[in-house]
S.K.: 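Take a look at the following structure, please.
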Number of protein chains: 2
Amino acid sequence: MSKQPKNTLRDSVYTSLKAMIVTGQIPPGSRVTESDIAAKLNVSRTPVREAFNRLERDGLVTGRPRQGYVVTEFDINMFREAFAIRELLDGHATELAAAAATDKDKARLRAMLAECERLAAIPDRTTKEKFQELEVGIDLHRVIAEISGNAMLHGMLCGILDKCQHYVWTELLWLDEWKIARDEHAEIVEAICAGDAARAGALARAHVRGSRENVLRLLQAKSDYQSFLAKAS
Amino acid sequence: MSKQPKNTLRDSVYTSLKAMIVTGQIPPGSRVTESDIAAKLNVSRTPVREAFNRLERDGLVTGRPRQGYVVTEFDINMFREAFAIRELLDGHATELAAAAATDKDKARLRAMLAECERLAAIPDRTTKEKFQELEVGIDLHRVIAEISGNAMLHGMLCGILDKCQHYVWTELLWLDEWKIARDEHAEIVEAICAGDAARAGALARAHVRGSRENVLRLLQAKSDYQSFLAKAS
DNA sequence: ACACTGAAAATTGTATACAAAATCGCATGC
DNA sequence: GCATGCGATTTTGTATACAATTTTCAGTGT
């Protein structure tokens, strides 16, 4: 497809599939067959199978023995679970990052903030640009986890953030009220740059809690809207 | 081989391989080839490949593009990383478990404690029995995570515990000083049964920190012993 | 003795062929 | 009309064949 050719087909397929799933091109609940994907990407089933294995391990698809794969449908319960863990891991990672960040790291974080700002300032944004802002905002957390120096923590947090991104993108981004908490991100970066671990950690935890509440509120609104539609018809 | 026949060969191979790795039958740092394992288990390379994929995702083996797989060697740094995360996740899981445990759950935990006690009381234990005690002690944490009701937390903690088990088993269990902190486990279970979430969480966090210090002390002793051997020869 | 070349061996990456199992549809019997 | 059973189709699970690449090691030249 129009993807950068990776070293191995397996990685290429994995990346493509993951992008398609996270962005909702393949909506949650869809049944996906190895043959279809293989045909669509012009490869054999083998690399597709291995990609599916990894995606299943990531929790983005669920596969039952001889029954094929289905793009995971996240319910509100999984969302709560993910955010409870994020609060722990993100908080700790941010504390560590504040203690470990080099000047180069700090510059990198500031550049991401600026990029986020730039994307937010575009008038009449397309869906793609909205997604880019969301992605940069989440990437900020990934980079903070990387800076923390704890590779295992970084890996686990990336996995959770993928799921959160998937959930927000497929369920909520259509809402106009959606908005990245840019000020909170800026405060966190500021605390990291100041080397204030305690403050950075507290801000990060509060930010995760705030995001959770924000999303839950939007989910409620969506649910209300849908039941309104149902009653009206 | 002498494993219970699972539904799919892939799962069977995964289970067998994981057991062989975690118990050190295949020592860390060994090169493992698909063909060897396939021959040893009398299956084709395909299920072995998929098992390797999952094990790589688990972090138990590391594989480079066309270079084969190597059983991951955990260094002391990874160990510290794992325990930092365990402190967060185990603490939270134990808090949740204290709030959520049913009578059946409590009975299950008490039964595991009793089993641990029984294994510890065996005189002149074999290596296998030592490993069983370790396994039950770690399983206790897995079950607590399960009881917490947060499936994602449970899954992540299981992954980390596998690595810790692997590390302890391959690096430290030969030491006679090794000893499961049975009293601490008992205290944690007690707090869970009493429904005291704050106390249970605090105990769990302290227990993880204590385990970490214990292991680090043993590693130091091992290192001292090895340098003593080197100087003597 | 050492470095470099190049072919052979070993090993993974990919494709494909075949087997087993599940699902779907249809017909048949009650 | 509905349930049930049987067969055809679809889809995954496994094995194997082939391609690509890396490593190894022997041989040669300096």
Side-chain angles (χ1 to χ4, degrees), chain A residues 1-21 25-73, chain B residues 1-21 25-73:
Chain A
M1 301 286 289
S2 56
K3 279 291 164 189
Q4 78 282 16
K6 285 265 184 169
N7 265 346
T8 70
L9 282 183
R10 169 187 45 181
D11 292 337
S12 176
V13 171
Y14 172 72
T15 306
S16 303
L17 258 179
K18 186 164 156 184
M20 285 197 272
I21 290 172
Q25 274 182 269
I26 308 176
S30 325
R31 203 179 159 69
V32 280
T33 68
E34 296 176 357
S35 321
D36 283 352
I37 302 298
K40 194 171 296 185
L41 270 63
N42 284 318
V43 296
S44 84
R45 277 178 47 212
T46 309
V48 176
R49 265 185 88 71
E50 307 202 350
F52 271 159
N53 267 310
R54 290 171 65 169
L55 288 169
E56 184 176 18
R57 211 83 186 136
D58 290 342
L60 291 175
V61 304
T62 60
R64 289 212 297 280
R66 278 171 204 276
Q67 206 167 330
Y69 291 92
V70 173
V71 178
T72 305
E73 291 186 276
Chain B
M1 298 292 290
S2 57
K3 280 291 165 190
Q4 75 283 18
K6 285 266 187 171
N7 266 346
T8 70
L9 281 183
R10 169 186 44 181
D11 293 337
S12 176
V13 170
Y14 172 73
T15 306
S16 302
L17 258 179
K18 187 164 156 184
M20 286 195 272
I21 290 172
Q25 273 183 269
I26 307 176
S30 326
R31 263 193 160 58
V32 278
T33 68
E34 297 176 356
S35 321
D36 282 354
I37 302 298
K40 195 171 296 187
L41 270 64
N42 284 317
V43 295
S44 86
R45 276 178 49 213
T46 308
V48 175
R49 267 185 86 71
E50 308 202 350
F52 271 158
N53 267 307
R54 290 171 65 168
L55 287 169
E56 184 176 19
R57 209 85 187 134
D58 291 342
L60 290 175
V61 305
T62 60
R64 288 211 297 280
R66 276 168 204 277
Q67 208 166 328
Y69 292 91
V70 174
V71 177
T72 304
E73 291 186 276

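The figures that follow rest on heavy atoms only: side chains count, while hydrogens, waters and symmetry mates do not. Each chain gets a letter, A, B and so on, in the order its sequence line appears, and its residues count up from 1. Here the structure is a predicted model, which means the values were calculated and not measured.
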S.K.: Looking only at the side chain of B:L9 (C-beta and beyond, no hydrogens), which of the listed nucleotides D:dA20, D:dT14, C:dT16 gets closest?
M.R.: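 For B:L9, the side-chain atoms sit closest to D:dT14.
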S.K.: By nearest atom, which of the nucleotides D:dT11, C:dG13, D:dA15 is closest to the A:T33 side chain?
M.R.: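 Nearest nucleotide to the side chain: D:dT11.
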S.K.: With no hydrogens and no angle check, is any side-chain donor or acceptor of A:R31 less than 3.5 Å from a backbone partner on A:Q67?
M.R.: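 Present.
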S.K.: If you find the nucleotide of DNA chain D closest to A:G68 and the one closest to B:P47, which residue's nucleotide is nearer the 5' end?
M.R.: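 Nearest-nucleotide comparison on DNA chain D picks A:G68.
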S.K.: Among B:L60, B:V61, B:L17, exactly one meets side-chain contact (heavy atoms from CB on, under 4.5 Å) together with B:I26. Which residue is that?
M.R.: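 Among B:L60, B:V61, B:L17, the one that satisfies the side-chain contact (heavy atoms from CB on, under 4.5 Å) with B:I26 is B:L17.
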S.K.: What nucleic acid atoms does A:V13 come within less than 4.0 Å of, heavy atoms only: base, sugar-phosphate, or nothing?
M.R.: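 No contact.
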S.K.: Might you point out which heavy atoms bring B:V13 and B:A51 nearest each other, and give the distance in Å?
M.R.: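 Here B:V13 and B:A51 meet closest at CG1-CB, 3.6 Å.
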S.K.: According to a strict under-4.0 Å criterion, is A:R45 in side-chain N/O contact with OP1 or OP2 of D:dT12?
M.R.: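 Answer no for this pair, as no side-chain N or O of A:R45 is under 4.0 Å from OP1 or OP2.
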S.K.: Would you say A:E50 and A:Y14 make side-chain contact, with heavy atoms under 4.5 Å?
M.R.: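 They are not in side-chain contact.
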S.K.: Does B:Q67 have a side-chain nitrogen or oxygen under 4.0 Å from the phosphate oxygens OP1 or OP2 of C:dT11?
M.R.: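 No, outside the criterion.
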S.K.: D:dA15, OP1 or OP2 - any side-chain N/O from B:S44 closer than 4.0 Å?
M.R.: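 Result: yes.
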S.K.: Would you mind reading off the distance between A:E50 atom CD and C:dG13 atom P, rounded to a whole angstrom?
M.R.: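 So the two atoms are 7 Å apart, to the nearest Å.
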S.K.: Side chain of B:R10 only, please: which of D:dT16, D:dG13, C:dT14 is the nearest?
M.R.: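 Shortest atom-to-atom distance from the side chain points to D:dG13.
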S.K.: Looking at every heavy atom in both B:V48 and B:S44, which two are closest together, and how far apart are they?
M.R.: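 The answer is CG2-O, 3.6 Å.
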S.K.: Provide, to the nearest angstrom, the distance between the CZ atom belonging to B:R49 and the P atom belonging to D:dG13.
M.R.: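 From B:R49 CZ to D:dG13 P: 16 Å.
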S.K.: D:dT14 C1' sits how many Å from B:N42 CG, rounded?
M.R.: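 The answer, rounded to whole Å, is 14 Å.
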S.K.: A:E34 side chain: which of C:dA15, D:dG13, C:dT14 is closest?
M.R.: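 Shortest atom-to-atom distance from the side chain points to D:dG13.
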S.K.: I want to confirm an ordering. Mapping A:R66 and B:R64 to their closest nucleotides on DNA chain C, which one lands closer to the 5' end?
M.R.: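 That would be B:R64.
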S.K.: Round to the nearest Å and state the distance from A:I37 atom CD1 to C:dT14 atom P.
M.R.: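 Distance check: A:I37 CD1 to C:dT14 P gives 17 Å.
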